[in-house]
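Worksheet for the structure shown next.
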There are 2 protein chains.
Amino acid sequence: MFKRVLIAEDHESTSISVRKTLEDFGITNAEFTYYCDEALMQIRKSLHDDQPFDLLITDLSFEEDHRKQQLAGGVELIEAVKQIHPQLKVLVFSAETNPAVIDSLFKASQINAYVRKARHDAKDLRKAIEYIAQHKTYLSESLKPAIKQKNAFEFSSYDVTLISLLSQGTMQKDIPAYLQQHNIKPSGLSSVEKRLAIMRDSLEFAKNEQLVAYCKDYGII
Amino acid sequence: MFKRVLIAEDHESTSISVRKTLEDFGITNAEFTYYCDEALMQIRKSLHDDQPFDLLITDLSFEEDHRKQQLAGGVELIEAVKQIHPQLKVLVFSAETNPAVIDSLFKASQINAYVRKARHDAKDLRKAIEYIAQHKTYLSESLKPAIKQKNAFEFSSYDVTLISLLSQGTMQKDIPAYLQQHNIKPSGLSSVEKRLAIMRDSLEFAKNEQLVAYCKDYGII
DNA sequence: GCCATTCTTACGGTTTCCCGTAAAGCAATA
DNA sequence: TATTGCTTTACGGGAAACCGTAAGAATGGC
């Protein structure tokens with residue numbers, strides 16, 4: 001089992017509960033922090049002291065407060081940590097459900113487990129820790145079907161730009177000007193219209209308002 | 001201090017942490033459930049057994065799963081509970097930040113405390129429990145400025161209906177038919193257009209897409 | 001009952017958006 | 001260079017949304 005565990009989680013109540021779960025594994029010395037930057041510092045220090053952590057449990061979204069942070073959230077934290085301590089096992093404990101985001105965590109960020117904050121998340125967390133200890137990866141059961149569901153439209157950064165502009169009140173006829181100003185191609189009005197039509201079609205939507213609602217729901221914009 | 005406490009919270013990890021906080025007050029027999037319907041049942045039973053609860057700690061949003069529920073969420077639970085047990089103190093523990101929603105909880109639903117899930121929520125929760133025990137109300141510090149801010153526009157249920165329809169892909173020209181079918185007045189297309197124009201104007205928006213994005217952000221739809 | 005006020009609806013003109021088609025641009029290949 | 005295939009743009013007709021105005025219905029006070 002793990003010897004040194006670090007918890008990066010801004011919600012005190014959740015942090016407490018994670019520590020309690022670790023205690024069930026006999027891990028009573030888990031360290032914790034409410035800030036990403038501090039988490040990175042502690043990991044840096046642990047390497048320097050030659051007593052490296054062997055498990056990081058982190059949330060994805062950290063709320064801003066008076067303390068200015070370099071790292072915006074869990075994803076950035078994981079990226080930074082992987083640079084200095086690639087062997088460290090990472091378990092993400094978050095409410096995020098967007099399959100694209102979770103998929104990228106495993107693929108791009110090379111995390112070892114993802115546990116979704118949900119009804120039986122404490123049991124789930126326990127299971128995930130057991131899996132990681134055996135050098136296996138873990139993904140909450142409830143998400144496995146979602147992650148498979150490849151039919152969800154893959155929004156390119158171009159798509160996200162378009163929908164963001166709409167959600168900010170830019171009129172379609174004014175979008176070409178914006179795109180040219182930002183050197184984004186294609187910039188023709190027809191291309192914009194066509195791209196929006198493709199998005200609507202593939203999601204079987206009738207109106208752009210639906211696209212905006214959908215992207216808000218899934219945190220795409 | 002409280003003798004019988006019920007926790008309605010669908011996230012196991014959060015529920016565990018709330019129980020731990022209660023233990024700090026010497027409350028070791030707190031009951032808990034992951035479902036709204038079950039919470040109502042337990043309160044009903046406690047009245048029947050003449051051993052009523054004196055504190056309910058509840059979340060607002062409960063995720064759906066295989067178990068079909070009558071009560072959609074915390075608000076509905078509180079409404080139902082107040083019917084059968086008006087003296088029961090209610091503490092809401094949620095991540096919701098929309099001032100309009102929280103305001104209505106205190107005013108319409110007559111709750112006694114609102115604790116926001118955030119960085120120091122465990123301490124916050126402790127403070128709230130102390131306040132309620134002294135028959136005072138409590139609101140997380142971080143929300144007090146927000147709640148004052150009488151946010152820009154008061155969305156009526158009519159407004160919410162319109163924006164929901166748009167976000168679901170209903171075309172404006174088809175909205176009058178829907179409104180008539182559901183006996184919602186006014187139902188004229190002009191009234192719909194006018195109402196949308198008023199919303200856009202008062203929020204200084206140019207497009208309906210912005211309304212949808214705004215309402216999604218603030219959990220209005 | 002009558003009038004005044006407000007709310008609701010109907011209607012037309014204008015703008016914006018939608019969508020199909022065709023032309024223009026561009027890159028790779030022979 | 002010419003050909004081919006793909007992407008991007010231009011254009012135009014038609015649908016939807018927007019907006020002002022005015023007629024009609026409902027409400028409340030006198």
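All figures in this text were calculated on a predicted structure; none of them were measured in a lab. Numbers restart at 1 for each chain; the letters A, B, ... are given by sequence-line order, proteins then strands.
- For the pair A:L211 CG and C:dC17 P, the interatomic distance rounds to 14 Å; values are reported in whole Å.
- In this structure, CG of A:N208 is placed 9 Å from P of C:dC17, rounded to the nearest angstrom.
- When ring centroids are compared, A:H11 and A:Y34 stay outside the 6.0 Å threshold.
- To the nearest 0.5 Å, the span separating CZ on A:R116 from CD1 on A:I102 amounts to 8.0 Å.
- For the pair B:K127 and B:Y138, the NZ or CZ position fails the cation-pi test of under 6.0 Å to the six-membered ring centre and within 45 degrees of the ring normal.
- Sorted by residue number, the members of residues 165-172 of chain B with any non-hydrogen atom under 4.0 Å from DNA chain D read B:M171, B:Q172.
- Counting only heavy atoms from C-beta outward, the side chains of A:E64 and A:Q69 never approach each other to under 4.5 Å.
- For the pair A:S109 and A:E79, the minimum side-chain heavy-atom distance is below 4.5 Å.
- A 4.5 Å side-chain heavy-atom check between A:V115 and A:L91 finds at least one atom pair inside the cut-off.
- No cation-pi contact links B:R200 to B:F205, judged by a cut-off of 6.0 Å to the six-membered ring centre and 45° from its axis.
- Residue pairs meeting the salt bridge (Lys or Arg N to Asp or Glu O under 4.0 Å) criterion with at least one partner in residues 155-173 of chain A, sequence neighbours excluded, are A:D159-A:R195.
- For A:Y35 and A:F62, the gap between ring centers reaches or exceeds 6.0 Å.
- Distance NZ (B:K173) to C1' (C:dC17): 14 Å, rounded to an integer number of Å.
- B:Y114 and B:F106 have their aromatic ring centers separated by at least 6.0 angstrom.
- Taken residue by residue, residues 182-196 of chain B places heavy atoms nearer than 4.0 Å to DNA chain D at B:E193, B:K194.
- Along DNA chain D, the stretch of nucleotides lying under 4.0 Å from any heavy atom of chain A spans, 5' to 3', D:dT8 to D:dA17.
- A distance of 10.0 Å separates SG in A:C36 from CD in A:E9, rounded to the nearest 0.5 Å.
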Which atom pairs, one a donor and one an acceptor, fall under 3.5 Å between side chains of residues 160-172 of chain B and the rest of the protein, sequence neighbours left out?
residue, atom, partner, partner atom, Å
B:T161, OG1, B:S157, O, 2.8
B:S164, OG, B:V160, O, 2.8
B:S167, OG, B:S164, O, 2.8
B:T170, OG1, B:L165, O, 3.1

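- Comparing the local axis fitted to the first five base pairs of the helix from C:dG1-D:dC30 to C:dA30-D:dT1 with the one fitted to its last five gives a bend of 20°, rounded to 10°.
- For the pair A:L196/A:N208, a side-chain contact is recorded, criterion being any heavy-atom separation below 4.5 Å from C-beta on.
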